[in-house]
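The structure appears below as structure tokens.
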Amino acid sequence: MEIRKCLFPAAGYGTRFLPATKATPKEMLPILNKPLIQYGVEEALEAGISNIAIVTGRGKRAIEDHFDISFELEHQIQGSSKEPLLSDIRDLINRCTFSYTRQKQMRGLGHAVLTGETLIGNEPFAVILADDLCFNEEKGVLAQMIEVFNRYQCSVVAIQEVPKEDTAKYGIIDGDLVYGRDDVYRVHNMIEKPDPEDAPTNLAIIGRYILTPDIFDILRETKEGKGGEIQITDALMEQAKNDRVVAFRFKGDRFDCGSIDGFVEATNFFYKNL
Ligand code: G1P
């Protein structure tokens, strides 16, 4: 089973970044001169995935325009010193296909993933949450996860250790290390955003998933969970009951660009390192 498609849930309002996100999708906020979602698409492409599926919503038109040719602009800067600034995005547009579907109501990440079913169909797929910006010099996080998927042939979640007081911001997993590895856990429990005293570990899910397509049938049956939303964590827990989820402690840096602190950290990091 080859991973050919990557889903980007991008319908959320980005309320933590108001007023910047009042008329601009949060996925279009730039780290230096590149929008967050472009970093995500580049990560997918580096992992060999060129079929990009985006779940959008009202007010997200800028995303579609970004991944399209802008005739007027290109004509205007043709032959000028500015032209190279567009070469990366042009290359990306040439190498990828983009498809879109709209989520009419915000009912949580699980519901957003289920909305993407029409673009994914019956095959395993990757999910990137663009506001979790990941960077690893040698091999990107999604490329690392695909190797894990190829080995274990089940859903994969990316995890990292977080301070215990932060568990209420994340899905938290519990599991046992797989024999012979220090970075892959067979998951036997997952809880969405538990308070620190209820968290079984401090291993937090970050915004990278590989999901097997049975997740769609499970999501259809998943009841509203934490915050009254349909949670992907709850659907994954159903797979975990049958030992069908592994958690992978990836190599690299991750920035929570949904928060001002993480956004500034990412900006400084990329300014210094690239
Ligand atoms: C979502 C998931 C959560 C996960 C997080 C990673 O939460 O529900 O399990 O840990 O993404 O960024 P959100 O950040 O959308 O509230």
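Numbering of ligands and ligand atoms starts at 1, following listing order. Model, not experiment: these values are computed from the prediction.
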Query raised in the report: What protein heavy atom is closest to atom 12 (O) of ligand 1, reported as residue, atom name and distance in Å?
Result: Asp132 OD2, 2.8 Å
Report summary line: Under 4.0 Å from one or more heavy atoms of Gln231, ligand 1 contributes atoms 8 (O)
Query - atom 8 (O) of ligand 1: the protein heavy-atom neighbour that sits closest, reported with distance to 0.1 Å - result: Glu192 OE2, 2.6 Å
**Report entry** Test of proximity, Thr233 against ligand 1: N or O pairs below 3.5 Å
**Finding:** yes
Report task. Starting from atom 11 (O) of ligand 1, find the nearest protein heavy-atom neighbour and note its residue, name and distance. Result -> Leu129 CD1, 3.5 Å
Report task. Flag the pair Glu238 and Arg244 as a salt bridge only when some basic side-chain nitrogen lies within less than 4.0 angstrom of an acidic carboxylate oxygen. Result -> no
Report task. From the options Arg254, Lys193, Glu229, select the one whose nearest heavy atom is closest to atom 13 (P) of ligand 1. Result -> Lys193
Report task. Take every heavy atom of Ala204, measure it against each atom of ligand 1, and state whether any distance is under 4.0 Å. Result -> no
Report task. Test Cys257 against every option in Thr267, Val264, Leu36 by the side-chain contact (heavy atoms from CB on, under 4.5 Å) rule and name the one that passes. Result -> Leu36
Query - Heavy atom of protein closer than 4.0 angstrom to atom 15 (O) of ligand 1 - result: no
Query raised in the report: Quick one: do the Asp261 and Ser259 side chains pair a donor with an acceptor below 3.5 Å?
Result: no
Report summary line: Residue, atom and distance of the protein heavy atom nearest atom 10 (O) of ligand 1 read Ile205 O, 2.6 Å
**Report entry** Which of the ligand 1 atoms, numbered from 1, are nearer than 4.0 Å to a heavy atom of Gly171
**Finding:** 3 (C), 4 (C), 9 (O), 10 (O)
Query raised in the report: Are the ring centres of Phe135 and Phe255 closer than 6.0 Å?
Result: no
Query raised in the report: Do Phe125 and Phe216 make the cut of ring centroids closer than 6.0 angstrom?
Result: yes
Query raised in the report: Would you say Leu109 has any N or O atom under 3.5 Å from an N or O of ligand 1, going by distance alone?
Result: no
**Report entry** Residue pair Leu236 / Leu211, side-chain heavy-atom distance below 4.5 Å
**Finding:** yes
Can you give the donor-acceptor pairs under 3.5 Å from side chains of residues 101-108 to other protein atoms, not counting sequence neighbours?
residue : atom : partner : partner atom : Å
Gln103  : NE2  : Gln105  : O            : 3.2
Gln103  : NE2  : His111  : ND1          : 2.9

Query raised in the report: Is the closest heavy atom of Ile232 to ligand 1 under 4.0 Å?
Result: no
Query raised in the report: Are any of the side-chain nitrogens in Lys193 or Glu229 under 4.0 Å away from the carboxylate oxygens of its partner?
Result: no
